[in-house]
Amino acid sequence: MLRDAVVNSRNQFIVISLSIASFLNKDLADEIIGFFKGPNGPEQIYIELKQVPAMDLLVKMADYYHQNGVFVIISQIGKIRHYEKVHAILKYIDGIKLTINDEDENQDIPGQVRQDVKFWGGITERSGITFVVDGITNDRMLGWLKKQDYVDYVEGDYLSKLELPLLNS
């Protein structure tokens, strides 16, 4: 299904969200890498983890994916209080994704959102890794994030334009 979607899509980048068990499964890793390196593979694959496995297991599998050109991103990093857990793995991953919650679309950017984005953006900038911000719900938030030097990618309902891949006729 992924192969068909990539072949018939303008977007040649794929993000695959994996559980810890799936991330650690070498057979699945080999399938993902085979797809990536195959003739109809995408330009880039990002593995997204919502939880962090034990350090030794993370290092081993992240290294395997990196050797084969696949990027590893940690999502669901949460608030600033999760820094210690994330700090220990920064040199083994390629990016982090922060999901923001903008409850009131009619006000300025909430203070906690500003603080979290600036904090994690500074961490990623100093670490030389990618910073993704998810949860964009309006033009005001998108405009503010575009002004932040350290935000590499944005995601969210505001940016989603549902589009099916081209169908073979």
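These numbers were taken from a predicted model, which means no experiment stands behind them.
For the side chain to side chain contact (heavy atoms under 4.5 Å, CB included) criterion with L49, the lone passing option out of V72, I89, I93 is V72.
Heavy-atom minimum distance, R126 versus I123: NH2-CD1, 3.1 Å. Residues F35 and N40 come closest through the heavy atom pair CE1-O, 4.2 Å. Here the closest non-hydrogen pair linking Q44 and G69 is NE2-O, 2.8 Å. Of all the heavy atoms in S75 and E48, the pair that sits closest is OG-OE2, 3.3 Å. In terms of heavy atoms, I45 sits closest to V70 at O-CG1, 3.6 Å. Shown here for P53 and I20, the closest heavy-atom pair between the two residues is CB-CG2, 3.7 Å.
Of the inter-residue distances, the one linking L28 atom CG with I32 atom CD1 reads 4.0 Å to the nearest 0.5 angstrom. A distance of 12.5 Å separates CE in M61 from CG in D56, rounded to the nearest 0.5 Å. With values rounded to the nearest 0.5 angstrom, K118 atom NZ is found 10.5 Å from D149 atom CG. Considering CD of Q115 and CD1 of I109, their distance stands at 14.5 Å, rounded to 0.5 Å. Note that the CD atom of E125 and the OG1 atom of T130 stand 12.5 Å from one another [nearest 0.5 Å]. The distance from the CD atom of E155 to the CD1 atom of I136 is 9.0 Å, given to the nearest 0.5 Å.
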Does the pair F131 and V133 meet the rule for a side chain to side chain contact (heavy atoms under 4.5 Å, CB included), with working shown?
-> CA-CA 7 Å; F131 184 40; V133 178; 3.7 Å; yes
Please assess V132 against I96 for the test side chain to side chain contact (heavy atoms under 4.5 Å, CB included), listing each intermediate value before the final yes or no.
-> CA-CA 6 Å; V132 180; I96 60 173; over 6 Å; no
Side chain to side chain contact (heavy atoms under 4.5 Å, CB included) evaluation trace for M141 with Y158 | CA-CA 10 Å; M141 179 61 71; Y158 181 74; over 6 Å; no
D30 vs Y64, side-chain hydrogen bond (donor to acceptor under 3.5 Å, both in side chains): CA-CA, chis, key distance, verdict | CA-CA 10 Å; D30 289 337; Y64 184 67; 2.2 Å; yes
Hey, mind stepping through N68 and K37 against side chain to side chain contact (heavy atoms under 4.5 Å, CB included) and telling me if it holds?
-> CA-CA 8 Å; N68 290 284; K37 292 185 172 185; 3.0 Å; yes
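Listed for the H87 side chain is no donor-acceptor partner under 3.5 Å among the backbone atoms of Y83.
By the 30° and 60° cut-offs, the orientation of the rings of Y153 relative to Y46 is perpendicular. Classified by interplanar angle (parallel below 30°, tilted 30° to 60°, perpendicular above 60°), the ring pair Y65/F23 is parallel.
The shortest distance between side-chain heavy atoms of L145 and V154 falls below 4.5 Å. S127 has its side chain out of reach of K91: every pair of non-hydrogen atoms, C-beta onward, lies at least 4.5 Å apart. Residues D116 and I100 form no side-chain contact, since every pair of their non-hydrogen atoms from C-beta on lies 4.5 Å or further apart. R114 places a side-chain heavy atom less than 4.5 Å from the side chain of W144.
Remark: the S22 side chain and the S19 side chain contain an N/O donor-acceptor pair separated by less than 3.5 Å.
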